[in-house]
Amino acid sequence: MRNASMHQLKIATVLLCAISGATTSSVWAQQAAPAPAATPAAAPAATPVKGFTPPASSSGQTIDSIAVVVNDDVITRNEVAARIKSVEQRMKAQNVPLPDPADLRRQLLERMIVERAQMQLAKEMGVRVDDLTLDRAIGRIAEQQKMTVQDLRNQMEKEGTPFATFREEIRDEIIMQRLREHEVDAKIQISDSEVDNFLEAEKAAASEQVELNLAQILVRIPENSSPEQIAARRARAEEVSRQLRTGADFAKMAASYSDASDALSGGDIGWRNSDRLPPLFTEQLLKLKPGQITPIIKSNTGFHILKLVDRRSAAEAQAVAAVQQTHARHILLKITPTLSAAEAKRKLLELKERLDNKAAKFEDLARLFSNDGSAAKGGDLGWLYPGDTVPEFETAMNALKPGEVSEPIESSFGFHLIEVLERKSDDVSKEKQRSAARNALRERKQEEATENWAREVRDRAYVEFRPDDQ
């Protein structure tokens, strides 16, 4: 009985604060801040709280009413309505069919209860996120979307979400992530026997996977090409294909006609797992025997002709103990609304000319111009194993000798200048394999462990649903 009385007292305090226009310095006002109507001035069309008679000095209307009590906090009906509106807007923007309104409300209300209980736990444990950390996180989000922070702000507000609300949502997400890391991730244990079983299963699965040794000829389609230009490029690819079918040497044709960065190495791409290739490539390649070539394949980049040099199972690839590691660094220029692909390529050519003339050091230019996180280290990427970088980067890197700098290379990240510092052959460490296996097992366990933990937090919480007439 005492606990129920305390909850009634705290709920009454919330209502009285709302009626009297309590300032945001109030603890309850702070907790209710995410609601879209936090003061009488902000909610001229507020819904009366049923079952509560306001004092004579009030206007006869209240700001909000309580939907659910969660421990020492409440979720108001305005908060629920705001969340429903936000989710509906996002689902419509993504062309996702909306569920039944009652089902949507029930699902979101349960999610809000779980979130509120977890946020209370985070507060008890002293988990906080300062503004500087939050600003950096939002900057990374904008960068991933290839936007500026201002562009992101404009988009959020265009979609009807105030940027201040978005900021607090991100702050809460970071707090939740830190809480889960402490409460869930740190407690996941992976035994040696689990790692052994995982590696055995991976070895068995590898026997069914295929790796392909490839070479390519690419006839690139320039940006903003006219239909006539595209037709001319296709005609060039068809002529190359015709000569290959009549016995022309693939490597020689690649050196003569290919626009890819690997042209002068005979178009050699090297070994690739079939799962890492674009589906339109894999579909054609898996039909071939070693030595055969594909028909012309059109992509957004241009017209491709691929040669299957050889194939092997992934198990055979794992049996090759020695692998080549490359120590490399790069300068990356990302394509942005203010930097076109042509301008990025031109800028990198200027930087390469300075390097070739010994007018500058690579690491100094990387610190000044690179858009990559490695810029602070002079562009140094450390020792790279095969598969650590995207195929375009790896192909260009493998064609370089130590001390050489590439021409500008295009990848999905932008344009790169690559310098190879040194190479070495090394055995794939068993410890590296076990570490990768342990990480994979941890990821598998995380989802289930997080769900169990969230359910436990929810079950421990005091939750009281308020009917609409209260």
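All values reported here derive from a predicted model rather than from experimental measurement. The figures here come from the full heavy-atom set of this structure, side chains too, leaving out hydrogens, waters and symmetry mates.
Residues V80 and L108 are not in side-chain contact: their nearest non-hydrogen atoms beyond the backbone lie 4.5 Å or more apart. Inter-residue side-chain proximity for D262 and D268 is flagged as unmet; no heavy-atom pair is nearer than 4.5 Å. Within the 4.5 Å cutoff, the side chain of L417 has no heavy atoms near those of the L365 side chain. The closest side-chain heavy-atom distance from R178 to V129 is below 4.5 Å.
Under a cut-off of 6.0 angstrom, the local environment of NZ in K345 is sparse, with at most 12 non-hydrogen atoms contributed by other residues, nucleotides or ligands. Under a cut-off of 6.0 angstrom, the local environment of CZ in R442 is crowded, with over 12 non-hydrogen atoms contributed by other residues, nucleotides or ligands. The environment of E168 atom CD is dense: over 12 non-hydrogen atoms of other residues, nucleotides or ligands sit within 6.0 angstrom. The number of heavy-atom neighbours closer than 6.0 Å to CZ of R128, taken from other residues, nucleotides and ligands shown, is 12 or below.
Among residues at least two apart or in separate chains, there is no salt bridge (charged side-chain N to carboxylate O under 4.0 Å, His left out) pair with a member in residues 368-386. Residue pairs meeting the ring-ring contact (aromatic ring centres under 6.0 Å, His included) criterion with at least one partner in residues 215-258, sequence neighbours excluded, do not occur; the list is empty. Listed by first and then second residue, the ring-ring contact (aromatic ring centres under 6.0 Å, His included) pairs involving residues 325-383 are H327-W383, H330-F393, H330-H416 (not counting sequence neighbours). Listed by first and then second residue, the ring-ring contact (aromatic ring centres under 6.0 Å, His included) pairs involving residues 291-313 are F281-H304 (not counting sequence neighbours). Sorted by first and then second residue, the salt bridge (charged side-chain N to carboxylate O under 4.0 Å, His left out) pairs with a member in residues 382-403 read R272-E394; sequence neighbours excluded.
Atom CD in Q243 sits 11.5 Å away from atom CG in D249 (nearest 0.5 Å).
With sequence neighbours left out, E363 forms a side-chain hydrogen bond (donor to acceptor under 3.5 Å, both in side chains) with R329. Every residue meeting the side chain to side chain contact (heavy atoms under 4.5 Å, CB included) condition with L288, not counting sequence neighbours, appears here in chain and number order: L285, Q292, T294, L308. Residues meeting the ring pair (Phe, Tyr, Trp, His ring centres under 6.0 Å) test with W271, sequence neighbours left out: none. Judged as a ring pair (Phe, Tyr, Trp, His ring centres under 6.0 Å), and not counting sequence neighbours, F198 has no contacts. A search for side chain to side chain contact (heavy atoms under 4.5 Å, CB included) contacts involving K85 returns Q89, not counting sequence neighbours. Scored by the side-chain hydrogen bond (donor to acceptor under 3.5 Å, both in side chains) test, N439 finds no partners at all (sequence neighbours excluded). F166 meets the ring pair (Phe, Tyr, Trp, His ring centres under 6.0 Å) test with F163; sequence neighbours excluded.
Proximity of a side-chain donor or acceptor of D130 to a complementary backbone N or O of T133 within less than 3.5 Å is detected. Remark: the backbone N or O of K252 is paired with a side-chain donor or acceptor of S256 at under 3.5 angstrom. Side-chain atoms of E410 never come within 3.5 Å of backbone atoms of A341 as a donor-acceptor pair (strictly under, hydrogens ignored). S370 contributes a side-chain N or O that, together with a main-chain N or O of L332, makes up a donor-acceptor pair within less than 3.5 Å. Side-chain atoms of E239 never come within 3.5 Å of backbone atoms of R236 as a donor-acceptor pair (strictly under, hydrogens ignored). The main-chain N or O of A255 is never found under 3.5 Å from a side-chain atom of S258 such that the two would form a donor-acceptor pair. Looking only at distances, no side-chain donor or acceptor of S225 sits under 3.5 Å from a matching main-chain atom of I230.
Using a 4.0 Å cut-off between charged nitrogen and carboxylate oxygen, D192 and R438 count as a salt-bridge pair. The residues R346 and E350 are annotated as salt-bridged, a charged nitrogen and a carboxylate oxygen being separated by less than 4.0 angstrom.
V405 approaches L400 most closely through the heavy-atom pair C-CD2, 4.1 Å. The shortest non-hydrogen separation linking P408 to L349 is CD-CD2, 3.5 Å.
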What's the verdict on side chain to side chain donor-acceptor pair (under 3.5 Å) for R245 and S241, showing C-alpha distance, side-chain angles and the deciding distance?
CA-CA 6 Å; R245 289 196 303 272; S241 180; 2.8 Å; yes
Between D259 and R233, is a salt bridge (Lys or Arg N to Asp or Glu O under 4.0 Å) present by the stated rule, with each step listed?
CA-CA 11 Å; D259 298 318; R233 303 304 287 174; 2.6 Å; yes
Would you check, one step at a time, whether the test side chain to side chain contact (heavy atoms under 4.5 Å, CB included) holds for K445 with E194?
CA-CA 12 Å; K445 288 189 173 185; E194 287 179 294; 2.9 Å; yes
Show the numbers, then the answer: is there a side chain to side chain contact (heavy atoms under 4.5 Å, CB included) between V420 and M397?
CA-CA 7 Å; V420 170; M397 178 181 70; 3.9 Å; yes
Please evaluate residues E110 and R458 with respect to the criterion salt bridge (Lys or Arg N to Asp or Glu O under 4.0 Å), reporting the C-alpha separation (whole Å), side-chain torsions for both, the decisive distance (0.1 Å), and the verdict.
CA-CA 9 Å; E110 182 60 29; R458 168 67 170 85; 2.7 Å; yes
Please evaluate residues E343 and K347 with respect to the criterion side chain to side chain contact (heavy atoms under 4.5 Å, CB included), reporting the C-alpha separation (whole Å), side-chain torsions for both, the decisive distance (0.1 Å), and the verdict.
CA-CA 6 Å; E343 290 170 336; K347 182 64 177 177; over 6 Å; no
Check against side chain to side chain contact (heavy atoms under 4.5 Å, CB included), E169 and M156:
CA-CA 12 Å; E169 287 177 357; M156 298 305 302; 5.7 Å; no
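Considering Q150, E157, K158 in turn, Q150 is the only one that fulfils the side chain to side chain donor-acceptor pair (under 3.5 Å) rule with N154. Screening R171, R140, R167 for a salt bridge (Lys or Arg N to Asp or Glu O under 4.0 Å) involving D135 leaves a single residue, R167.
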